[in-house]
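Heads up, the thing below is written out as structure tokens.
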There are 2 protein chains.
Amino acid sequence: MGRWRPDARERLQRAAFELISERGFAATTVPEITARAGLTTRTFFRHFADKREVLFAEDAGVAAIVTELMARVPASAAPLAVVRESLRLMADTYFEERKEVLRQRRELVRCDEGLRERELRKRAAVSDAIREGFLARGLDATRATLLAETCVTLLGVSMAEWLDDDDRYLRDIVRDTFETLRAELGADGSGESNG
Amino acid sequence: MGRWRPDARERLQRAAFELISERGFAATTVPEITARAGLTTRTFFRHFADKREVLFAEDAGVAAIVTELMARVPASAAPLAVVRESLRLMADTYFEERKEVLRQRRELVRCDEGLRERELRKRAAVSDAIREGFLARGLDATRATLLAETCVTLLGVSMAEWLDDDDRYLRDIVRDTFETLRAELGADGSGESNG
DNA sequence: TACGGTGATGACATTGCGTGTCGTCACTGT
DNA sequence: ACAGTGACGACACGCAATGTCATCACCGTA
């Protein structure tokens, strides 16, 4: 062991997760977290931009993965097919392994409006990454934003259902949710009545 | 004039808007805002839950209006038709009158991540209101959430385009954006290839 | 006129988040 | 042997946000 115990970041995340699970987010102070992790308050803010971020640090890579995956799909593919394949790949290789942690975190977020805000921002970051991928493929700004946010909505709704279900796979739920939306939008035939 | 000048809330909003426009959100302190408004710091937090909220206080009514409008549409109407009519009505009677203020606020939000978080939460509140309306009409939870978030996406994308455009009406842009999404989702025919 | 209730505000104290700054010291390469 | 690097501790500080009590115009009532 060197001058300090290794894995300071992971120790902070673990300590924060435990304490917030016990007392709630607002009732947990940063000094309490760092005390359990054996570090100082100042060090906490060297690893995480603010108190909320300690629960969402792992999400930072999601947007990067999306960017990576979208760039790998052939440019000839249809826009939505690109994202669908990317989301399926992520469902299998990333989310499926973290199901239990995501379940626990959802419970923490459900009890705190501030955490919900942060979760929405993380979701927006994924949307922005998808949007950039669409723009790189030549879509106009409106379509890129529209499709990107729709994809994130699809993923979000699917994940909610996935976390409530013990048996089904996320990739299958994403596919079903996508078909549900397509049917719901297409089935409504009164879209041209402008008056 | 009574013991205190009236319109304390409005004075705070105006002072905040001016100062933040000049110096940016992070560089503006609450004492500076209250000083310009002729009030104390404590009074600021009696009117607004936190520093960000002073820029979004007017949005509180949007979700309420959505709830009101959705309840007014006949129960026999198709789900999406309900929202489309509600959004059109709001576009005409609410947003169109506030275009310039919304433009200025968007500029402030663009420069501060914290304000963007708050904007996303306000958007989520509208989504929740729409979702409740759908649930009251008998939709299952998945469809209700899916359609509600899609509606908010449509409104958001439409508003972005609307604020960039001096001539077009929001209601027309919403209609076009809806048709764009419908076409984009329906045109993609590779949705059944599950591997 | 007198009088008690109400409600918005001021004044003051306090907690905790987040940052700036400097010092310490194991690790690393040469 | 020696300077550079990088992670952490120690300390101070500004500001957001909350709790608590005092103040006093306004209002209804007798």
Side-chain angles (χ1 to χ4, degrees), chain A residues 1-20 22-57 60 108-109 111-119 121-122, chain B residues 1-20 22-57 60 108-109 111-119 121-122:
Chain A
M1 184 170 80
R3 184 176 178 189
W4 293 282
R5 295 166 53 199
D7 300 327
R9 186 184 179 89
E10 286 69 21
R11 269 151 53 208
L12 287 169
Q13 288 176 321
R14 195 183 338 272
F17 209 97
E18 292 171 2
L19 285 171
I20 294 172
E22 298 169 7
R23 317 179 188 179
F25 180 77
T28 305
T29 69
V30 174
E32 287 170 350
I33 295 171
T34 55
R36 175 171 294 203
L39 294 165
T40 63
T41 302
R42 190 67 186 85
T43 297
F44 180 94
F45 291 106
R46 286 198 182 95
H47 285 279
F48 308 102
D50 56 45
K51 187 180 156 190
R52 304 171 186 176
E53 196 67 13
V54 69
L55 292 177
F56 295 93
L108 302 185
V109 172
C111 302
D112 189 279
E113 279 300 315
L115 291 179
R116 173 142 177 77
E117 277 188 340
R118 180 54 48 86
E119 186 181 49
R121 178 168 132 189
K122 292 298 180 180
Chain B
M1 182 170 82
R3 183 176 177 188
W4 292 284
R5 294 166 54 199
D7 300 327
R9 187 184 179 89
E10 286 70 20
R11 270 151 52 208
L12 287 169
Q13 287 177 320
R14 195 182 341 270
F17 209 98
E18 292 171 2
L19 285 171
I20 294 172
E22 298 169 8
R23 316 179 188 179
F25 180 76
T28 305
T29 68
V30 173
E32 286 171 349
I33 295 171
T34 55
R36 176 170 294 202
L39 294 164
T40 63
T41 302
R42 191 64 186 88
T43 298
F44 179 94
F45 291 104
R46 287 199 181 93
H47 286 280
F48 309 103
D50 56 45
K51 188 179 157 191
R52 303 172 186 175
E53 196 66 14
V54 69
L55 292 177
F56 295 93
L108 302 185
V109 172
C111 303
D112 189 279
E113 280 298 315
L115 292 180
R116 173 143 177 76
E117 277 189 342
R118 180 54 48 85
E119 186 181 50
R121 177 168 132 189
K122 293 297 180 181

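We name chains A, B, ... by the order of the sequence lines, and we start the count at 1 in each one.
Atom C1' of nucleotide D:dC15 and atom CG of B:L19 are separated by 16 Å, given to the nearest angstrom. One can place CZ of A:R3 at 17 Å from P of D:dT5, the figure rounded to the nearest angstrom. Atom P of nucleotide C:dG16 and atom CD1 of A:I33 are separated by 13 Å, given to the nearest angstrom. Atom CH2 in A:W4 sits roughly 8 Å away from atom P in C:dA26 (whole-Å rounding). The CZ atom of B:R118 sits 14 Å away from the P atom of D:dA16 (whole-angstrom rounding). One can place CG of B:D112 at 14 Å from C1' of D:dA16, the figure rounded to the nearest angstrom. In this structure, B:I20 places its CD1 atom 15 Å from P of D:dC15, rounding to the nearest Å.
For B:R14, the CZ atom sits in a loose shell: 12 or fewer heavy atoms of surrounding residues, nucleotides or ligands are nearer than 6.0 Å.
Salt-bridge formation is not detected for the pair B:E119/B:K122: no Lys NZ or Arg NE/NH1/NH2 atom is positioned less than 4.0 Å from an Asp or Glu carboxylate oxygen.
With rounding to the nearest 0.5 Å, the separation of CZ in A:R36 from OG1 in A:T28 is 9.5 Å. Here the straight-line distance linking atom NZ of A:K51 with atom CZ of A:F44 works out to 8.5 Å at 0.5 Å rounding. The CD atom of B:E117 sits 4.5 Å away from the CZ atom of A:R121 when rounded to the nearest 0.5 Å. Of the inter-residue distances, the one linking A:L115 atom CG with A:I20 atom CD1 reads 7.0 Å to the nearest 0.5 angstrom.
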(request) Start with the C-alpha distance between B:F17 and B:V54, add both sets of side-chain angles, then the distance that settles side chain to side chain contact (heavy atoms under 4.5 Å, CB included), and finish with yes or no. (result) CA-CA 8 Å; B:F17 209 98; B:V54 69; over 6 Å; no

(message) Could you go through A:D112 and A:L108, starting from their C-alpha distance and side-chain angles, then the distance that decides it, and tell me whether this counts as side chain to side chain contact (heavy atoms under 4.5 Å, CB included)?
(response) CA-CA 7 Å; A:D112 189 279; A:L108 302 185; over 6 Å; no

(request) Would you check, one step at a time, whether the test salt bridge (charged side-chain N to carboxylate O under 4.0 Å, His left out) holds for A:R118 with A:D50? (result) CA-CA 11 Å; A:R118 180 54 48 86; A:D50 56 45; 3.0 Å; yes

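DNA chain D contains the following stems of three or more consecutive Watson-Crick or G-U pairs, with both distances under 3.5 Å: C:1-30 with D:1-30.
If you check residues 39-52 of chain A against DNA chain C, the residues with a heavy atom closer than 4.0 Å are A:R42, A:F45, A:R46, A:A49, A:D50, A:K51, listed by number.
Within the 4.0 angstrom heavy-atom criterion, no nucleotide atom of any strand lies near A:T34. Among the atoms of the strands shown, only primed sugar atoms or phosphate atoms (P, OP1, OP2) are found under 4.0 Å from some heavy atom of A:G38.
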